[in-house]
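Working notes for the structure below.
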Amino acid sequence: MTSENQPKAGHRETPVSTEFRDFMASGWAADDRPPTPRAEAADPAARRREALSQRFPGERLVIPGGGLKVRSNDTDYTFRPHTAFAHLSGLASQAEPDSVLVLHPGIEGGHEAVLYVRPPAPRDTEEFYTDSRYGEFWVGYRPTLADLESELGLSARHIDTLEDDLAKDEAAARLRVVRSADAKVAELVDATRTQAGTSLTAEQQEEADGELAHALSAMRLVKDAWEVGEMRKAIAATHKGFEAIISTLPEAVSKGRGERWVEGVFGLYARHEGNGVGYESICASGDHANTIHWIKNTGEVREGDLILVDAGIEIDSLFTADITRTLPVSGRFTNIQRKIYDAVHAAQQAGMEAVKPGNKFSDIHAAANKVIAEYLHAWGLLPEGVTLEQTLDPEHGGWHRRWMVHGTSHHLGMDVHDCQLLLRKDYMDGELKPGMVLTVEPGLYFKADDLLAPEEYRGIGVRIEDDVLVTEDGYENLSAAMPRSSHDVEAWIARVSGSAESR
Ligand code: GLY
Ligand code: MN
Ligand code: MN
């Protein structure tokens, strides 16, 4: 729902006098900005549209950017466009709410890309200074249709023409829409298809839309060189954010509610370096590390604890990193922390080594999970008499999974869990191909109240997560510059906190 759907706050409405209206309409300098230069993302987006065009010949494809989402009453969250829209339009963090990209089928094959937007109101209109949602007096500069055309290399039209354009010619019955992006646009597409006398049942229409969503997810599986470059930038920014966290650990301890302090410091870097965090940061100290998605971040950061930070910066092109480091707050692991950390590190290394073309995606988890099981078995944590083979039996085993309940990998890109709409055969059972980017992120979690864990393990949680590119003959750890062995992490903390002290 967008804020348009909220009841109006009538008590704020002020009558507009003719004198005021006339005065506001005058005295503004002409807009003499040069044409917007072509965006770096324009060519990659054009190539993706071409691939999509070939996949759906003769069909009209509707990819909404989505609208604002209400945070509370009449205030909205910061806008972030739907990923498929950003991927295909080249408009990312600067996209305007309620835009819609349409690929219209051409008479001689191919498609014409048209971006439907609401252009800025001229300065002699009331919208300019009274409309808190669209008026430039309130929200700042908004691109004109000409700006968008020169920036993106496609046609741009007023959003008010969308309805008629969807209904024109026989393609009105052959529409597909990304349903989840904007409910109102999905409704409009449904109505248009029905009016045009589509032969598809409602169920078949939804299935057709599902195929489009699936195809869009599949298109993001293999990243091109430009996309990999963006991933590198997101990871480099995230690296800086983690170093800022290391520098601030003493303050996080001394201020109280240190997890929030850590979250805030990373968030500052995320907004400064990029568009924001790619997902809610997990800043989990002590036993909180054993809550897989601990995003409340309300806890203390204490000397002697491990703090697990799972965080990533989404840069302006919307590509995001997804990195976890588990850091000893005092700079040194205790013996038992190191024992658990090193086991997770060994599992992660085994997972990474399974990253190579021809292997299945699920081989990564299998390799990491096997090492986790071996350690737990060797430490005597599996029930009496359970062998390694038995616990690794996917149908009847799984005791080791008590201490690592999550998967080891997911695809990564513009969405932190990228390509989520793929079917199992293309995801878990899919073959790894050069250009895929994925995480490798095993962990071990011993909750404070886990009576089946040795007492000295309880309250320790470790995850290590890196972002890995599948190459022609194996993998490249894109986040390799961020230390990850226990020894290297200690040296990293000493170096970064040493340089923080000397500032
Ligand atoms: N931060 C979520 C994940 O690692 O998948
Ligand atoms: Mn993560
Ligand atoms: Mn992850």
Side-chain angles (χ1 to χ4, degrees), residues 42-67 81-91 95 98-117 148-149 152-222 224 414 419-423 425-426:
D43 289 336
R47 286 196 294 273
R48 296 168 196 143
R49 292 195 297 271
E50 183 52 38
L52 192 64
S53 167
Q54 288 178 16
R55 170 82 172 68
F56 295 100
E59 302 196 43
R60 178 164 291 140
L61 308 174
V62 183
I63 301 108
H82 191 279
T83 296
F85 172 87
H87 196 238
L88 291 169
S89 67
L91 263 182
D98 305 323
S99 307
V100 181
L101 176 70
V102 180
L103 300 194
H104 291 285
I107 302 163
E108 294 176 11
H111 284 79
E112 187 203 4
V114 181
L115 184 65
Y116 293 86
V117 294
L148 289 164
E149 290 186 340
L152 302 171
L154 39 63
S155 306
R157 288 188 206 145
H158 198 297
I159 189 73
D160 290 351
T161 64
L162 175 67
E163 191 168 343
D164 285 348
D165 281 6
L166 291 185
K168 73 180 178 188
D169 63 48
E170 64 276 17
R174 290 198 308 276
L175 278 167
R176 295 190 199 238
V177 62
V178 177
R179 299 198 75 79
S180 59
D182 190 320
K184 278 195 284 188
V185 177
E187 267 174 43
L188 176 62
V189 166
D190 287 340
T192 309
R193 287 192 282 221
T194 306
Q195 234 166 12
T198 175
S199 58
L200 302 181
T201 62
E203 211 171 69
Q204 287 168 327
Q205 289 175 40
E206 253 187 59
E207 213 172 284
D209 294 338
E211 277 168 18
L212 173 62
H214 176 267
L216 293 169
S217 243
M219 277 176 58
R220 299 208 305 273
L221 259 180
V222 172
D224 64 22
M414 281 179 142
C419 313
Q420 277 298 296
L421 295 175
L422 287 181
L423 306 174
K425 72 176 176 51
D426 300 320

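All of these numbers come straight from a predicted model, not from anything done at the bench. Quick note: numbers below take in every heavy atom, side chains included, and nothing from hydrogens, waters or symmetry partners.
Rounded to the nearest 0.5 Å, atoms CG (Leu200) and CG (Leu175) are 10.5 Å apart. Note that CG of Leu52 is 5.5 Å distant from CE of Met219, once rounded to the nearest 0.5 Å. Going from atom CD of Glu50 over to atom CZ of Arg47 covers 11.5 Å, rounded to the nearest 0.5 Å. Remark: His214 NE2 to Leu423 CG distance equals 3.5 Å, nearest 0.5 Å. Considering CG of Leu212 and CZ of Arg179, their distance stands at 11.0 Å, rounded to 0.5 Å.
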### Task
Could you walk me through whether Leu101 and Leu91 pass side chain to side chain contact (heavy atoms under 4.5 Å, CB included), step by step?
CA-CA 10 Å; Leu101 176 70; Leu91 263 182; over 6 Å; no
### Message
Run the salt bridge (charged side-chain N to carboxylate O under 4.0 Å, His left out) test on Asp209 and Arg193 for me, step by step, so that the C-alpha distance in whole Å, both residues' side-chain angles and the decisive distance to 0.1 Å come before the verdict.
### Response
CA-CA 12 Å; Asp209 294 338; Arg193 287 192 282 221; 3.0 Å; yes
#### Entry: Criterion side chain to side chain contact (heavy atoms under 4.5 Å, CB included) on Val177 and Asp182, from CA distance to verdict
CA-CA 9 Å; Val177 62; Asp182 190 320; over 6 Å; no
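By the 4.5 Å heavy-atom criterion applied to side chains, Glu112 and Ser155 are counted as neighbours. A 4.5 Å side-chain heavy-atom check between Thr161 and Asp164 finds every atom pair outside the cut-off. Side-chain atoms of His82 and Ser180, non-hydrogen and from C-beta on, do get closer than 4.5 Å to each other. Using a 4.5 Å heavy-atom cutoff, the side chains of Gln204 and Thr201 are in contact. Contact of the Leu152 side chain with the Leu115 side chain is registered, since non-hydrogen atoms from C-beta on lie closer than 4.5 Å. Side-chain contact between Arg49 and Ser53 is absent, with no heavy-atom pair separated by less than 4.5 Å. For the pair Leu148/Leu154, no side-chain contact is recorded, criterion being any heavy-atom separation below 4.5 Å from C-beta on. Residues Leu421 and Leu216 form no side-chain contact, since every pair of their non-hydrogen atoms from C-beta on lies 4.5 Å or further apart.
Remark: Arg60 does not engage Asp165 in a salt bridge, criterion side-chain N to carboxylate O under 4.0 Å.
The only member of His111, Arg176, His104 that meets side chain to side chain donor-acceptor pair (under 3.5 Å) when paired with Glu59 is Arg176.
Applying the salt bridge (charged side-chain N to carboxylate O under 4.0 Å, His left out) test to pairs two or more places apart or on separate chains, none has a residue in residues 195-205.
If you check the side chains of Arg220 and His87, you find no donor sitting under 3.5 Å from an acceptor.
Minimum heavy-atom separation, Ala95 to Pro81: CB-CG, 3.8 Å. In this structure, Ala215 and Arg55 approach most closely via the heavy-atom pair CB-NE, 4.1 Å. When all heavy atoms of Asp190 and Thr194 are compared, the closest pair comes out as O-OG1, 2.8 Å. Of all heavy-atom pairs between Ser89 and Ala45, the closest is C-CB, 3.8 Å. Minimum heavy-atom separation, Phe85 to Ile63: CD1-O, 3.3 Å.
The closest donor-acceptor contact from the side chain of Arg157 to the backbone of Val114 lies at 3.5 Å or more, if one exists at all.
Annotation for Glu163: atom CD does not count as buried by contact number, only 12 or fewer foreign heavy atoms lying within 6.0 Å.
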